[in-house]
Each structure stands twice: as structure tokens, then as C-alpha cells.
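Okay, so here's the structure we're looking at.
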Amino acid sequence: MKETVEQALRDILGNLPEGSRVERPRDPRHGDLSTNTAFILAKKEKRNPSLVAETLAEKLSENPAFEQVSPAGGFINFRFSKDFLISSFRKVLNEGEDYFKKDIGKGMKIQLEYVSANPTGPLHLGHGRGAVVGDALSRILSFLGYDVSREYYINDAGRQVYLLGTSVFYRYLELFGRKDLMERIRDTFEKEGYRGEYIKEIARLLSAIVGTKLADGSLEESHRLLMESDLPFEKNYLKSFKPKSGTPEELCSLFGLDFMMREIKRDLSDLGVEFDSWVSEREFHMKGEVEEVLRRLEEGAHTYESDGALWLKTQERGDDKDRVLKKSEGSFTYFASDIAYHLDKFNRGYEKVIDLWGSDHHGYIMRLRIALSMLGIPDDWLEVYLIQMVRLFKNGKEIKMSKRAGTFVPVREVMEEVGADAVRFIFLTRRSDTHLDFDINLVKEKSSDNPVFYVQYAHARIAGVFREFKKRFSEDPEEVIKNADLSRLSSEAETGLMKKVLFLKDEILTACRGRDPHLITFYLIDLAGSFHNYYNHNRIIGSEQSLMEARLALLKGIRTALALGLKLIGVSAPERM
RNA sequence: GUCCCCGUAGCUCAGCAGGAUAGAGCGCGAGAUUCCUAAUCUCGAGGUCGGAGGUUCGAAUCCUCCCGGGGACGCCA
């Protein structure tokens, strides 16, 4: 719709002046769309804005798409003509969701990385939010012609993973009361270990298979038993274990990783979130990509050694201080492997990469950008968006979430209570960079008041009308719609609904450009509201024949928009409720 | 101390690449069903957009300062 106005302006002006916008006026009485173009032109040419608007409006009013083009102060307001609305709406009926497509991506290879939670515990609500936002974004980008690849980066190396293994081993020893062996790792466990119930669960599963063998020090035997046992998950990490040089904690940690990855994948898939690739941090170390990237940074004279560690000169490009790449004890920092990982993405040929990170990583953005620029990667190649935290309330009290202390609410728990659709929808009723308060009681108790049902109900209602029509007239409503006379839709409510449906196209574009999937959710609530209102005041079946046909057509268009919107945010569109 | 997010109706939040009389849901009050799903709809009350300056023809939106809430700042990941 905006496109139509912009094209009309271009037909007269050649090009749109910088800063000129086509927008929906706050007050619909002003028109369907309006533009500030006259203000801009007037400023440039030092003329009176109202006069510029008047001249321009006069020329524009010859365009058949508009019924009225009126200058107002410096604004120009547009009202679409009935013919234009009808012919556009007819396209929606014929083309379905394709009508709303616009190939702005042109096959651009774009990678979206999201969630990437450490595999040291179940996904909590915050991860769930990132998952849902990332998934919705990927759907929107794909819809608009981008070649999207969705990736999960598994932080399966480093201290956190060691702590996972230590925690599991500790709980395992606890099962057999082996205080003698627990002593060695007690300190680590108590200070930094993971306390969640799931650690005990892993330990119990482990003990069921290896018995006391691991406590007795039979690493090889324990590993063999695990490899031969019938586990409910893949042994991707376990199979890399080397009994000769390994430790029991390490075995526990690999076992834990396999266990957790199964959990995480299951949670995501139940949430309706899919990935195209899972990339392991370990493999980067193995492939030597980290060394490679450090070498390149050293060659560019961006590093120096101090206190036995290798530092990157990030400060000279705006960071608070320089950052360590390689610790004095010889291992790489997370930062180093993250640079390598992003360089790898670049080398894989993505033209753009979008990362969704938890808000606690915000200090990271600058240093990563600096490192990438040192490697000669253009600034706009990487976009990073922070997913703000989810605060959880239960019985009016905030539950502080900490994975280590074990006080977190897994996304699965909430999903099982209210359903994946509701969880997804709620996450998308806020802008993703603002805090979200998730009140479990509210969502549980009032699940029927949840806006997701409101929108789904609108879809189901339309489906119901179509079923009823078929039943009463034994005719396919789709056939009837093909020949419907849309000019019968003349009430303000009806033309308003047609416009709303058509505006979905603009909405998707805006959501895509701003990486703001929540706009789709708000659109859906708005459209559903207008529909419910209309439905309550107008009969479809039972009205006079040609009017009924036209109204069926109207409903079909609305259903197309609702179904597409729901699809883009990954929420189901039920036929009945 | 430095940095990030937030402050809009009783509550939860939209709106913020400046634009016309500031919106929605919930909650509250009053109503609507012989008929396609009442998980719905209609009407009403409810606001100095945290405060003060500034830029502008025009500021909830941009800038500065202040107040209040949340968070991040490691040779952790």
C-alpha cells in the first residue's frame, strides 16, 4: 500500500526527497496514508509547505488508485479508491499469501545465530525468548526472499563444561557415599558447581550403567559400558573420549553434554524452533582455526604480549581496555574462539550475519566488532541484537534465575503448562530489547484471556463460517468467492477490513527492516479485533445472496492474513477451537 | 566509576529513522446471545507520556542534565 503511494509520488517527482516518508496517520479520518513530502520539498526550495502540498495533491489526484488526495497544512493525505481496493483485494484472494511477498532479499545469504545456550543445563525462559524471536525473524526473512541459515553455536569447550563434568561426578560419587573421592573436588563443586536437579538425574543415569566402576577408577571399562549401553540419546561426545589420557570428570562431562544436547534439542523442537546447523566450539579448537585467527591478528600487529598472555589492542579502537586472547596458562579465551567462529562464518560466504545474544553479553559487541574490523570484515556485515532478560514472577514474587544455584525455570515447564503457542505469542508481545515480566500465575490462570487465543479464535471462527456454509448450501465456498461481487462490500467496517488485510504487506516489510517480529503480533491482535467486531454486527450466512458471497470473500482474505501472520511468528492457526 | 535497557491510564505494555486531538489489553462500571463458536462484542470512567532545559514550523519520539528501576562491566563462558 505504501508502495503504491511512493510510486505515485515518484511518477511525478522522479525521486523521493531524502527524509520523505509515507505513513499511516494516527487519526484514520485523515486518510489511509499520508506523506510529509511537501514539508521536505518546501524546506529545500524555501517555499510555503501548504502551497507545495496543494500543487502536488492536485497532480496526484489524477491517479486512479486514489479516491481523494487532500493537502492538509503541509501533509498530503491519501484515500484509496474503491476500485483500487477491490482489485487489490481480489489479488489477495487469487494469490493467497504470495500477494504479501516482496523479494527484497533477492537470495542474499544471511545467517541467523540464536539461542546458543551453554549445554550445561536446560534452556530457561530467557533462552526460550531468544529462540522464539530468532525463529520468527528467520521466518520473516525467508518470506521476503533472503536465503536464511539458522545456526546454534554450542559452547562445549572450556571451564563451564569442566564444571558440568565435575558436578555430575560429584553427584555420582554421592550416590555411593564415596566421601574419600568427593573430597578432591568438593571445593570446586561447592564454589562453582551446578546445583540443579538435572545434575542428579544425569548422575543417576550414569550410575545405572557403570555402577561403581567409575568410582573404582576403571575408566576404560566405564567408557565401554556407556558406549555399549542403549542410551536415549546420541553418543557424539562420548565417542571422542580417550580412556588412556582422560579423567573421570571428563567422561562425566562428555556424558553430560550428550545428555544436555538431547534435552536442548527436544525443548527447541517442542517450541517449534529449528536449526539448519549446530556448530561445536570444540571443533574450532581441533581444526586450529583459533591459532589461525591469532596468527592473522599478530601479522596485522594488533596484538602484544604482556604478563605471559596475548592481548588484542582493542582499546585503540574505542574499547575500555585491551582484551586477552590467550591466557598466561596457555589456553584461549572465549573471546578468541568467538572471533575465529565469526571469521569462519565470513569465510563460509554469508553476506550478512545476525546474532541474537542474551543481554548479559552486551559488553562483548564492541570488542567483537573491533576484532572483525581488524580482520578486514566490513562493519555492517555483523548485526547483533540483545534479547533482554525475562523476569519470572510466581505468586507475586520474582524468582531470581541462576543456572548454577539451580533456581531457574526451564522453558519446558512453562511450555507444558500453557502450550508452545502461548509461550511463543507472549514472547512476541514485547519488543525483544526490553525486559519482559513473565507472570506464571497470570499465564496459567488466565490462559483463556491470553491474546493468542483471541487471534486463533478469529481464525477458527472464519473456518467455522466456511464449514457452516458448506453444510447449508452443499457448495464449495471457494468457488462462490471466485465470482463474488466485491463492490457489495461498501460499509466502513468492510472497506476498513480490506485495507487492514492489505496493510499486512507493509507490516511484514517494517518488521523485517527493523528486525522486529513483535510488530506482526500486534498486527494480528488488531486485525482479529476488527474482525470480531465485524462478526458480531454482521451476518454472513443468511444475508442476501450476492452480499453473502462478497462477505465470504472478505472473510477469506482476513483468514489468509491471519494465517500468514501466525505462520510468520510460528503459532498455529486452528480450524476449530 | 564506565556502559546497556527501561520509566506512557490502577496493572502489563504498544507508539519513538519527529508530524495532526497520545493507543491497546487486563482490571473497574453499565449493557448485548430466537441466528455463522459469548474464548466474542458495545458504551463509559481513567493521562501534566519520570522531571527540567534545548533543537524544530512541530517533541512521547532527537540532544543535554537530573531522578527512579533493572542489568553488564574477569587471563568466566
Side-chain angles (χ1 to χ4, degrees), chain A residues 19 21 23 25-27 29-30 34-36 39 42-43 48-49 72-75 77 116-118 120 155-163 192 281 306-311 320-321 323-338 358-366 386 388-389 391 398 426 429-431 433-439 442 446-458 460-469 471-472 513-514 518-519 521-522 525-526 528-529 531-543 548 551-552 555 576-577:
Chain A
R21 305 257 181 281
E23 287 165 331
R26 206 153 31 196
D27 188 339
R29 280 173 304 187
H30 289 129
S34 74
T35 182
N36 62 349
F39 279 110
K43 202 170 214 170
N48 183 334
F75 291 101
N77 294 322
S116 297
N118 286 356
T120 53
N155 295 127
D156 51 10
R159 182 151 182 86
Q160 300 309 317
V161 171
Y162 167 76
L163 289 173
E192 303 175 85
E281 185 186 357
S306 174
D307 301 329
L310 185 69
W311 299 71
D320 296 340
K321 55 186 207 171
R323 307 287 171 175
V324 172
L325 293 166
K326 192 174 183 179
K327 302 180 215 170
S328 49
E329 38 91 354
S331 64
F332 299 112
T333 58
Y334 180 84
F335 180 43
S337 82
D338 221 6
S359 60
D360 53 337
H361 289 71
H362 100 263
Y364 234 78
I365 301 178
M366 180 182 268
L386 296 179
Q388 278 292 344
M389 53 185 337
R391 288 194 303 170
E398 182 181 358
I426 286 172
T429 53
R430 298 279 184 284
R431 247 175 41 210
D433 63 351
T434 64
H435 298 255
L436 183 144
D437 291 340
F438 201 111
D439 188 326
L442 209 71
K446 304 192 173 180
S447 59
S448 63
D449 286 336
N450 197 304
V452 66
F453 296 109
Y454 184 79
V455 173
Q456 288 181 318
Y457 182 45
R461 261 185 157 174
I462 294 174
V465 173
F466 278 52
R467 274 195 303 274
E468 183 67 19
F469 176 87
K471 203 170 87 190
R472 285 206 210 166
R513 292 203 180 104
H518 80 281
L519 292 178
T521 314
F522 282 95
I525 294 171
D526 184 50
F531 164 72
H532 285 310
N533 179 332
Y534 178 72
Y535 181 90
N536 271 274
H537 293 96
N538 298 279
R539 300 250 349 133
I540 288 91
I541 296 169
S543 48
M548 173 172 66
R551 286 179 170 175
L552 281 173
L555 261 58
R576 53 179 91 224
M577 287 173 76

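Here is how names work: the chains are called A, B, and so on, in the same order as the sequence lines, proteins then strands, and each is numbered from 1.
Looking at heavy-atom distances under 4.0 Å, A/Asp156 makes no contact with the nucleic acid at all. A/Ala458 comes within 4.0 angstrom of nothing in the nucleic acid, heavy atoms only. Across all strands shown, A/Gly464 has heavy atoms under 4.0 Å from sugar-phosphate atoms exclusively, and none from any base. Nucleic acid contact for A/Tyr334: base, since at least one base atom lies under 4.0 Å from a heavy atom of the residue.
One can place CD of A/Glu192 at 10 Å from P of B/C76, the figure rounded to the nearest angstrom. Residue A/Gln456 contributes atom CD, which lies 14 Å from atom P of B/A39 at whole-angstrom precision. Spacing between atom CD of A/Gln160 and atom P of B/G74 amounts to 15 Å, rounded to whole angstrom units. Taking atom CZ of A/Phe531 as the reference point, atom P of B/A39 lies 14 Å away to the nearest angstrom.
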Quick test: give all pairs of protein nitrogen or oxygen and nucleotides 18-22 of chain B nitrogen or oxygen below 3.5 Å, distance rounded to 0.1 Å.
{"unit_1": "B/A20", "atom_1": "OP1", "unit_2": "A/Arg26", "atom_2": "NH2", "d": "2.7"}
{"unit_1": "B/A20", "atom_1": "OP2", "unit_2": "A/Arg26", "atom_2": "NE", "d": "3.1"}
{"unit_1": "B/A20", "atom_1": "OP2", "unit_2": "A/Arg26", "atom_2": "NH2", "d": "2.8"}
{"unit_1": "B/A20", "atom_1": "N6", "unit_2": "A/Ser34", "atom_2": "OG", "d": "3.4"}
{"unit_1": "B/A20", "atom_1": "N6", "unit_2": "A/Asn77", "atom_2": "OD1", "d": "2.6"}
{"unit_1": "B/A20", "atom_1": "N1", "unit_2": "A/Asn77", "atom_2": "OD1", "d": "3.4"}
{"unit_1": "B/A20", "atom_1": "N1", "unit_2": "A/Asn77", "atom_2": "ND2", "d": "3.1"}
{"unit_1": "B/U21", "atom_1": "N3", "unit_2": "A/Arg29", "atom_2": "NH2", "d": "3.3"}
{"unit_1": "B/U21", "atom_1": "O4", "unit_2": "A/Arg29", "atom_2": "NH2", "d": "3.4"}

All N/O pairs under 3.5 Å across the protein-nucleotides 5-12 of chain B interface:
{"unit_1": "B/C5", "atom_1": "O4'", "unit_2": "A/Gln388", "atom_2": "NE2", "d": "3.4"}
{"unit_1": "B/C5", "atom_1": "O2'", "unit_2": "A/Asp433", "atom_2": "O", "d": "3.1"}
{"unit_1": "B/C5", "atom_1": "O2", "unit_2": "A/His435", "atom_2": "NE2", "d": "3.4"}
{"unit_1": "B/C6", "atom_1": "OP1", "unit_2": "A/Arg431", "atom_2": "NH2", "d": "2.7"}
{"unit_1": "B/U12", "atom_1": "O2'", "unit_2": "A/Arg430", "atom_2": "NH2", "d": "2.3"}

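Nearest nucleotide to the A/Asn536 side chain, out of B/U40, B/C75, B/C36: B/U40. Counting only heavy atoms from C-beta on, A/Arg461 has its side chain closest to B/U40 among B/C36, B/U40, B/C41.
B/U2: Watson-Crick or G-U partner is B/A72, with both key distances under 3.5 Å.
Considering all non-hydrogen atoms of both residues, A/Glu192 and A/Arg159 come closest at OE2-NH2, 2.5 Å. The shortest non-hydrogen separation linking A/Ser328 to A/Ala309 is N-CB, 3.9 Å.
Counting non-hydrogen atoms of neighbouring residues, nucleotides and ligands closer than 6.0 angstrom, the CZ atom of A/Arg467 exceeds 12 such neighbours.
Checked by atom type and distance alone, the side chain of A/Asn155 never pairs as donor or acceptor with a backbone atom of A/Asn118 at under 3.5 Å.
The aromatic ring of A/His361 is stacked on the base of B/A77, with the two ring centres less than 5.5 Å apart and the planes inclined by under 30°.
Here A/Val161 pairs with A/Ser253, A/Leu257, A/Arg282 under the side chain to side chain contact (heavy atoms under 4.5 Å, CB included) rule; sequence neighbours left out.
A donor N or O paired with an acceptor N or O is not found under 3.5 Å between the base of B/C75 and the side-chain atoms of A/Thr333.
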